[in-house]
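Any value given below was found using the heavy atoms of this structure, including those in side chains, with hydrogens, waters and symmetry copies removed. Atoms within each ligand, like the ligands themselves, are counted from 1 in listed order.
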Amino acid sequence: MKLPFEIDLNNKVAVVTGGAGVLCAELAAALAKNGAKIAILDLNLAAAEAAAQQMRDLGATAIGVACNVLQRESLDAAAARVLAELGSCDLLLNGAGGNHPKGTTGQEYLDVDRLDDPELTSFFDLDPAGVEFVFNLNFLGTLLPTQVFARQMLGRSGCSIINISSMSAFCPLTKIPAYSAAKAAVSNFTQWLAVHFSKAGIRVNALAPGFFLTQQNHKLLIDEHSGEFTARAQKIIQQTPMGRFGESHELVGTLLWLASEEASGFVNGTVIAIDGGFSAYSGV
Ligand code: NAD
């Protein structure tokens, strides 16, 4: 990966939750290339270790840590390891997040003639457990790591937290009410935290990626039989003025800008859309 520009993160420790995932592994690698010591926290230890190994192979300091962002004990254990092996956390990237099929409706619009269709999940069939899973993963999965790692930031300067929101936070996407509302909560919480931590010297901002083809949304966007874009993927591209999906490296410049105290030291409480113009386009 070629960096868009370089910042100085030497002697900084960056913790990346969900850091074994498609987007966050690339973001973590960009932080490593700028000198940060990296802790990849992920449910999937093998993938976290593999991502950390790739960084070590390039000369960076990186560790992979098994961690569930929804369990306080797991986070406390991860934080103790980060402190012992890398030092106090300077930068927290809250990347763990995602959707669940049980928080997703089968159709964009309620079809009153098909309410009894066993093949379709209507609004009335949404499973509270699925909705809860999505809220917990995105919202609590941002709040709990922040409780644990912001403690390590207190009394030190130049620390920052970067959350991952989404397009669906600005204007909800059809079919995914739980994810949209949970990411709206992440955006709202970003602003709340930015205010709350402002006297403690910790900046809090968020990236709001548009549509990037990853594991999380693969089934929604690529037809498993033909390998072609689904109707939904085609609709997204039509609604994206730049006419394509984003590529993960296109999040890197905004991340580095927000991570750099010199570049964005007065930027606090913002949620930045990286979406090819999707959120600016009314559709007409
Ligand atoms: P991904 O599914 O590739 O990665 C998510 C990672 O989080 C995985 O490695 C997974 O193991 C880990 N994870 C899941 N639950 C966890 C838990 N409880 N504790 C610790 N780790 C856990 O997803 P991605 O597409 O790279 O998305 C990264 C972030 O960006 C997510 O917050 C997602 O909601 C957001 N996002 C993605 C897109 C997109 O188009 N892909 C768009 C907007 C926002």
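Nearest protein neighbour of atom 43 (C) of ligand 1, counting heavy atoms only, is P209 O, 3.4 Å. Scanning all protein heavy atoms for the shortest distance to atom 7 (O) of ligand 1 gives G18 CA, 3.4 Å. In terms of protein heavy atoms, atom 38 (C) of ligand 1 is closest to L23 CD1, 3.9 Å. For atom 33 (C) of ligand 1, the nearest non-hydrogen atom of the protein is Q216 OE1, 3.2 Å. What sits closest to atom 34 (O) of ligand 1 on the protein, heavy atoms only, is Y179 OH, 2.7 Å. In terms of protein heavy-atom proximity, atom 11 (O) of ligand 1 is closest to D42 OD1, 2.6 Å. From the protein, the heavy atom lying nearest to atom 21 (N) of ligand 1 is L43 N, 3.3 Å. For atom 19 (N) of ligand 1, the nearest protein heavy atom (residue, atom name, distance) is V69 N, 3.0 Å.
At least one N or O atom of V22 sits closer than 3.5 Å to an N or O atom of ligand 1. Inclusion of K183 in the set of residues having an N or O under 3.5 Å from an N or O of ligand 1 is warranted. The distance criterion of under 3.5 Å between nitrogen or oxygen atoms is not met by F211 with respect to ligand 1.
Those atoms of ligand 1 with a heavy atom of N217 less than 4.0 angstrom away are 39 (C), 40 (O), 41 (N). The atoms of ligand 1 that sit less than 4.0 Å from any heavy atom of G97 are 31 (C), 32 (O), 34 (O). The atoms of ligand 1 that sit less than 4.0 Å from any heavy atom of G210 are 40 (O), 42 (C), 43 (C). Residue contact check: A20 has heavy atoms under 4.0 Å from atoms 9 (O) of ligand 1. For ligand 1 and C67, the ligand atoms under 4.0 Å from any heavy atom of the residue are 19 (N), 20 (C). Contact atoms of ligand 1 toward N68: 17 (C), 18 (N), 19 (N) (distance under 4.0 Å to a heavy atom of the residue). Short contacts between ligand 1 and I164, defined as distances under 4.0 Å to a heavy atom of the residue, involve ligand atoms 29 (C), 30 (O), 35 (C). Ligand 1 places these atoms under 4.0 Å from at least one heavy atom of L137: 15 (N), 16 (C), 18 (N).
Residue F5 places its CZ atom among more than 12 non-hydrogen atoms of other residues, nucleotides or ligands, all under 6.0 Å distant. In the displayed structure, D116 atom CG is contacted under 6.0 Å by at most 12 heavy atoms of other residues, nucleotides or ligands. Residue N11 qualifies as open at atom CG: its count of foreign heavy atoms under 6.0 Å is 12 or below. Within a 6.0 Å radius of NZ in K102, no more than 12 heavy atoms belonging to other residues, nucleotides or ligands are found.
To the nearest 0.5 Å, the span separating CZ on R232 from CG on L220 amounts to 6.0 Å. Expressed to the nearest 0.5 Å, how far CG of N205 lies from CG of L258 amounts to 5.0 Å. Interatomic distance, CG of L173 versus OG of S180, reported as 5.0 Å (0.5 Å rounding). The structure places OG1 of T17 at 8.5 Å from CG of L75, a figure rounded to the nearest 0.5 Å.
Here the closest non-hydrogen pair linking I40 and A28 is CD1-CB, 3.7 Å.
Ionic pairing of R244 and E250 is present here: one or more N-O contacts between side-chain nitrogen and carboxylate oxygen are shorter than 4.0 angstrom. Looking at E261 and R203, a side-chain N of the basic residue comes within less than 4.0 Å of a carboxylate O on the acidic one, giving a salt bridge.
Aromatic pair F245/F212: ring centres not closer than 6.0 Å.
For Q71, the closest heavy-atom approach to ligand 1 does not fall below 4.0 Å.
In T214, the part holding a heavy atom less than 4.0 Å from any atom of ligand 1 is the side chain. Heavy atoms of M167 found under 4.0 angstrom from ligand 1: none, in either backbone or side chain.
If you check each of A66, G98, S165 against atom 44 (C) of ligand 1, the one with the closest non-hydrogen atom is S165.
In this model, a donor atom of one side chain and an acceptor atom of the other lie less than 3.5 Å apart for T104 and N99. A donor-acceptor contact closer than 3.5 angstrom links the side chains of N163 and T190.
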